[in-house]
Amino acid sequence: MEVFKFGGASVKDASAVRNVGSILSRYEGQKLIVVVSAMGKTTNKLEDIVAAKIAQDSILYTQLIKELSDFHLDILDGLFEDKQLVIFSEIRTIIEQLHEWYTHVVQGNYSCEYDQVVSLGEVVSSKIVAAHLMQEGLSSGWVDARELIKTDNQFQEAKVDWSQTEQLIQSKVFPLFSNVNSIVTQGFIGHASEGIITTLGREGSDYSAAIFAYCLDAKKVTIWKDVPGMLNADPKYFENTVKLDQISFKEAIELSYYGASVIHPKTIKPLQNKGIPLFVKSFIHPEAAGTIIQESIDKDDLIPSFIVKKDQVLFSIRPIDFSFIAEDNLSDIFSRLAQYQAKINLMQNSALSFSLLMDRKKADPDKIKSILGDSYKVWYNEELELVTIRHYDQETIDLVTKGKTSILEQKTRQTIRIVLK
Ligand code: ASP
Ligand code: MG
């Protein structure tokens with residue numbers, strides 16, 4: 001049994017979905033779990049829909065739903081000749097429910113509401129993919145991941161309850177395999193107690209693939225992407241990127257921790273725990289080898305990797321009472337930031353001040369000031385970038401710092417991190 005994961009770009013239109021079908025037909029006869037993401041940019045659209053509801057902007061809400069509906073109906077039209085197929089009414093029903101959701105008063109917070117709505121992208125996508133595979137005559141079925149992945153109720157960033165999830169997945173999925181070969185399901189979504197829907201965090205479908213693989217003792221996981229594999233840098237920022245043919249779990253964790261966006265950071269650990277190798281392959285060239293991520297560390301330091309995070313803000317924080325930055329201050333700062341769910345990319349302290357680097361998108365300076373302002377003086381520097389180089393040398397450092405000013409550097413033997421202006 002293997003797990004495949006297809007992200008939003010691999011199901012972004014009718015021909016992309018057909019391509020998924022043709023990749024799967026290369027594996028006919030094998031037992032596969034096929035985890036799919038929402039189609040194209042659907043998750044962003046659904047986020048806008050939630051925002052329009054919160055703002056009670058009914059015109060915008062209706063317009064966004066129409067766009068979402070047109071987008072999916074267009075894909076359906078492109079895939080299915082027979083307009084009477086139940087998939088058409090299934091998708092229409094979901095869209096109608098979404099429409100009615102506008103007047104629904106939700107008990108719970110924003111994040112809870114977000115999860116109920118945004119999770120539908122994966123549901124719709126997986127239903128369309130499953131219907132397509134059926135039409136192509138592949139032996140396939142569909143299963144609802146909302147029933148299988150059990151989480152806590154930390155909406156938008158739910159934590160998996162592994163033992164319950166394992167039980168649910170094993171008891172529901174294994175029997176299905178006696179009837180079909182491939183089972184289509186959704187990434188990113190699960191449920192908390194009383195069946196309320198949760199999501200695992202943006203880009204969480206990779207993680208879902210790992211959860212299924214772990215619980216079913218899969219032989220391997222393949223993430224199908226629009227790139228040839230894991231590259232040593234983002235082609236948006238670097239020329240001459242190189243594909244990493246083989247890296248270790250440890251290296252993949254390091255790279256994703258620093259922000260390499262190819263794989264969701266939580267994906268690796270469950271696979272590593274069970275020694276399940278992870279392949280990253282191109283859905284455009286499915287015959288090509290891609291990248292293998294597994295236990296051996298043999299080839300890790302052959303190629304330097306570059307990870308760039310743009311739009312960073314460096315905060316400097318100093319206790320108003322001029323006390324030194326020590327454990328008590330730090331724990332106070334962290335607990336305040338943790339309540340704000342702040343994510344810190346880098347930190348450094350001196351005697352009198354503490355510096356933290358965060359994504360501008362997740363750390364509004366005014367907000368940070370208001371969280372800390374009663375006890376600390378906060379100032380900040382915006383429009384910075386953080387470059388991390390794994391397996392660096394002087395040449396690679398010169399390459400990234402050229403024409404820029406370095407305002408903070410942290411170095412270990414394997415990794416250098418440079419904040420640049
Ligand atoms: N559809 C979700 C997102 O765009 C999950 C995923 O694609 O992995 O974040
Ligand atoms: Mg995605």
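Throughout, residue positions are numbered sequentially from 1 according to the sequence presented. In each ligand, atom 1 is the first atom listed, and ligand 1 is the first ligand listed. Only a predicted model underlies this, so the values are computations on that prediction, with no experimental measurement involved.
The shortest N or O to N or O distance between Glu203 and ligand 1 is below 3.5 Å. Ligand 1 has a nitrogen or oxygen under 3.5 angstrom from a nitrogen or oxygen of Ser37.
Which parts of ligand 1 touch Glu122 is read off a 4.0 Å heavy-atom cut-off, strictly below it: atoms 1 (N), 2 (C), 5 (C). Counting atoms of ligand 1 from 1 in the listed order, those under 4.0 Å from a heavy atom of Ser205 are 5 (C), 6 (C), 7 (O), 8 (O).
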**Request:** Test Thr198 against Asp115 for side-chain hydrogen bond (donor to acceptor under 3.5 Å, both in side chains), laying out the working first.
**Result:** CA-CA 5 Å; Thr198 53; Asp115 283 2; 5.3 Å; no
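Cation-pi geometry between Lys83 and Phe88 is not met: the NZ or CZ atom fails to fall both under 6.0 Å from the ring centre and inside 45° of the normal.
At least one heavy atom of Gly204 sits under 4.0 Å from some atom of ligand 1.
With sequence neighbours excluded, the residues satisfying ring-ring contact (aromatic ring centres under 6.0 Å, His included) with Phe4 are Tyr27, Trp224.
The option with the heavy atom closest to atom 9 (O) of ligand 1, from among Glu47, Arg202, His264, is Arg202.
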May I have the list of side-chain donor-acceptor pairs in residues 249-256 shorter than 3.5 Å, sequence neighbours left out?
from, atom 1, to, atom 2, distance (Å)
Glu251, OE1, Arg390, NE, 3.4
Glu251, OE1, Arg390, NH2, 2.5
Glu251, OE1, His391, NE2, 3.4
Glu251, OE2, Arg390, NE, 3.3
Glu251, OE2, His391, NE2, 2.9
Ser256, OG, Ala252, O, 3.2
Ser256, OG, Ile253, O, 3.4

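Just one of Asn345, Thr388, Thr412 meets the side chain to side chain donor-acceptor pair (under 3.5 Å) condition when paired with Arg417; it is Thr388.
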